[in-house]
Novice: 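The structure is given below, and queries will be raised subsequently.
Convention: sequence-line order gives letters A, B, ...; per-chain numbering from 1.
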2 protein chains.
Amino acid sequence: MRMSEGVEWALHGCLNLTWLPPGRAVPAAKLAEFYDLPAAYLNKQFQALARAGIVASTPGKRGGFRLARDPERITLLDIVVAIEGGGEAFRCDELLRRGPGADPGTDYRQACLVSQAMRRADLAWRRELAAQTLAGLKADVERRYPAAPENTRARFAELMTPEGTTA
Amino acid sequence: MRMSEGVEWALHGCLNLTWLPPGRAVPAAKLAEFYDLPAAYLNKQFQALARAGIVASTPGKRGGFRLARDPERITLLDIVVAIEGGGEAFRCDELLRRGPGADPGTDYRQACLVSQAMRRADLAWRRELAAQTLAGLKADVERRYPAAPENTRARFAELMTPEGTTA
DNA sequence: GACTGGCTACTCGGATAGTGAATGTCCGAGTTGCATAGG
DNA sequence: CCTATGCAACTCGGACATTCACTATCCGAGTAGCCAGTC
C-alpha cells in the first residue's frame, strides 16, 4: 500500500505555485529543476493535476502551469485524488460472493461488515485530507518558516533567468 | 495506492477462525476452498500473519492455522500491518533536502509540514483500524447475520469431511 | 515609426520502453497420527 | 490388551516464475513571442 511518489512532488509543486505572482505560469522543467527531479515525469504528474482542474496549463514560449483556482478552494485530498485516483485503498472483491450461501443479487460492498469497517478507516483518512486546504498549508509554512516565500520566489527568478545574467 | 488483496483474505479468514472451536487448527487449503482462492498464495498470506504472532501454525496431519491469542486482543490494524507492512502510505522522500537552502542535518520527515499533514491523515486511518477488534467485528456480524457462525462451522465440517461421507 | 507576416523557440501532451513489487506456483523439510507387529 | 515402532499422509515454509502497475523517457502538435521586412 505504497502511495505514488508523484503525490509528494505534486504537493510541494502546488505549494510553490502559491508563492508566485497570480497568473504567472511555470514550466514543468523549471519546477523539476527546483528539486532536481526528472522533468518529463513531473510533467506527467502535472498533466493529471490539469485534468483534475487543479492547475491550468499554458502552451507556448512563456507557458507552463499555474493554479487553476484559489488555494483556499484546493484541498490536499483534491491533489492526492488527482494523482492516485479516487478509488479506495482497500479492495473489496466481494469475497463473500464466492462463499457458501451467497446471494448473487446482494451488493457485498455494502452488506459486508469487513468492507464497511475498512471504508470507515478510509473515510477518516479522506476527511483529514479534505479538512486541510492548500491555503492553510501555505499559511502554516509561512508561520514556521517566514523566509520560505521569498526564498522560493528568488530561486525561481534565478531559474527563469538565462545563466550568466547574475554573475 | 492500492492495498494488497491479501488483506481482504486475511480479514475474512481470521473472522472465520473466530467461529471455530478454540484450539482447532484449519489448513490453509481448506480456508482457500471456502472462498475458492488460490491455496498456496493464501498460505503465503497466513505465513505473514504467523510471523506477526496473530495466528499460530501447526504442522502435521491435523495441523493448520488457529488464532494465536484472544480475538479481543487482535485489532484490524494488526492484521493490515501484518500483510501490508508497517510503513506509512505516504512516502516522504525528503524532497526539501534537494531544494535550495537545504540543511543536511535536518530530518525533513519531521520538519516538512507537508509530511506532517500526510502523517496526520495516516494516523487518523490507523486510529480507526486500531479501534476495532476482531472480537468486535465478530459480534457485529453475529448481530446482523445470526446464522453466520453456524453456517461457517457447518461449511468447514463439510470441507474437513472426506467426500461421500455425508451422502 | 508602425504594422504585418513569418519564423523560431519553447510549451504541453500523449505514446512508448524499463523496472520493481505484488501475484501466483511449486517442491522440500518436518511433524502428526495411525496402522501394525510384538510383548 | 497394551505398547513400541515404522510408515504414510498431510502440514507449513520458503524458493522460484509471471504479471501488472509504477517509473522513466522520448518525440510530435501547437502556441506565444520575436524579428525582419514592408508600408
Novice: Looking only at side-chain N and O atoms, does B:S57 come under 4.0 Å of OP1 or OP2 in D:dT11?
Specialist: no

Novice: How about B:F156 and B:W19: are their ring centres within less than 6.0 Å of each other?
Specialist: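 Here the rings of B:W19 and B:F156 have centres that are no less than 6.0 Å from each other.
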
Novice: In whole Å, what is the span from the CG atom of B:L159 to the P atom of D:dT11?
Specialist: 12 Å

Novice: For A:K44 and for A:G63, locate the closest nucleotide of DNA chain C by heavy-atom distance; then report the residue assigned to the nucleotide nearer the 5' terminus.
Specialist: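 Here A:G63 is the residue nearer the 5' end.
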
Novice: Looking at the side chain of B:A50, which of C:dT23, D:dG13, C:dT11 is the nearest nucleotide?
Specialist: D:dG13

Novice: How many Å lie between CD on B:E8 and C1' on C:dA22, as a whole number?
Specialist: 16 Å

Novice: Are side-chain N/O atoms of B:R109 and B:Q116 paired as donor and acceptor at under 3.5 Å?
Specialist: no

Novice: What integer distance in Å separates B:R62:CZ from D:dA8:C1'?
Specialist: 16 Å

Novice: Can you tell me how far C1' of D:dG13 sits from CD of B:Q45, to the nearest Å?
Specialist: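 One finds 14 Å between C1' of D:dG13 and CD of B:Q45, rounded.
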
Novice: What is the separation between atom CG on B:N43 and atom P on C:dG30, rounded to the nearest whole Å?
Specialist: 17 Å

Novice: Among the nucleotides C:dC26, C:dC12, C:dG24, which one has an atom lying closest to any side-chain atom of B:A40?
Specialist: C:dC26

Novice: Rounded to the Å, how far apart are A:Y41 OH and C:dG20 C1'?
Specialist: 13 Å

Novice: Do the side-chain N or O atoms of A:R91 get closer than 4.0 angstrom to the phosphate oxygens (OP1, OP2) of C:dT23?
Specialist: yes

Novice: Take the protein atom CG of A:L42 and the nucleotide atom C1' of D:dC22, then report the distance between them rounded to whole Å.
Specialist: 16 Å

Novice: Between B:W9 and B:F46, does a ring pair (Phe, Tyr, Trp, His ring centres under 6.0 Å) hold up when you go through it step by step?
Specialist: CA-CA 9 Å; B:W9 303 357; B:F46 269 76; 9.8 Å; no

Novice: Does B:L159 belong to the same Ile/Leu/Val/Met/Phe/Trp/Tyr cluster as B:Y35, with side-chain heavy atoms less than 4.5 Å apart forming each link?
Specialist: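 Yes: a chain of side-chain contacts under 4.5 Å links B:L159 to B:Y35.
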
Novice: Of the nucleotides D:dC12, D:dT23, D:dT31, which one has an atom closest to the side chain of A:P59?
Specialist: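 Nearest listed nucleotide: D:dT31.
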
Novice: What's the closest nucleotide to the B:K61 side chain, out of D:dT23, D:dC12, C:dG33?
Specialist: C:dG33

Novice: Between D:dT23, D:dT25, D:dC12, which nucleotide gets closest to the side-chain atoms of B:P27?
Specialist: D:dC12

Novice: Atom CZ of A:F46 and atom P of C:dT11: how far apart are they, to the nearest Å?
Specialist: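 It works out to 15 Å between those atoms.
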
Novice: Under a 4.5 Å cut-off applied to non-hydrogen side-chain atoms, are B:E8 and A:S115 in contact?
Specialist: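 In short, these two side chains do not touch, never coming nearer than 4.5 Å.
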
Novice: For A:G6 and B:A28, find the nucleotide of DNA chain D closest to each by heavy atoms; which residue's nucleotide sits nearer the 5' end?
Specialist: B:A28

Novice: Indicate whether OP1 or OP2 belonging to C:dC12 is found under 4.0 Å from a side-chain N or O atom of A:R51.
Specialist: no

Novice: Would you say D:dT11 has OP1 or OP2 under 4.0 Å from some side-chain N or O of B:R66?
Specialist: no

Novice: Starting at the 5' end of DNA chain D, which residue's closest nucleotide do you reach first, B:Q47 or A:G60?
Specialist: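 Closest to the 5' end, via its nearest nucleotide, is B:Q47.
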
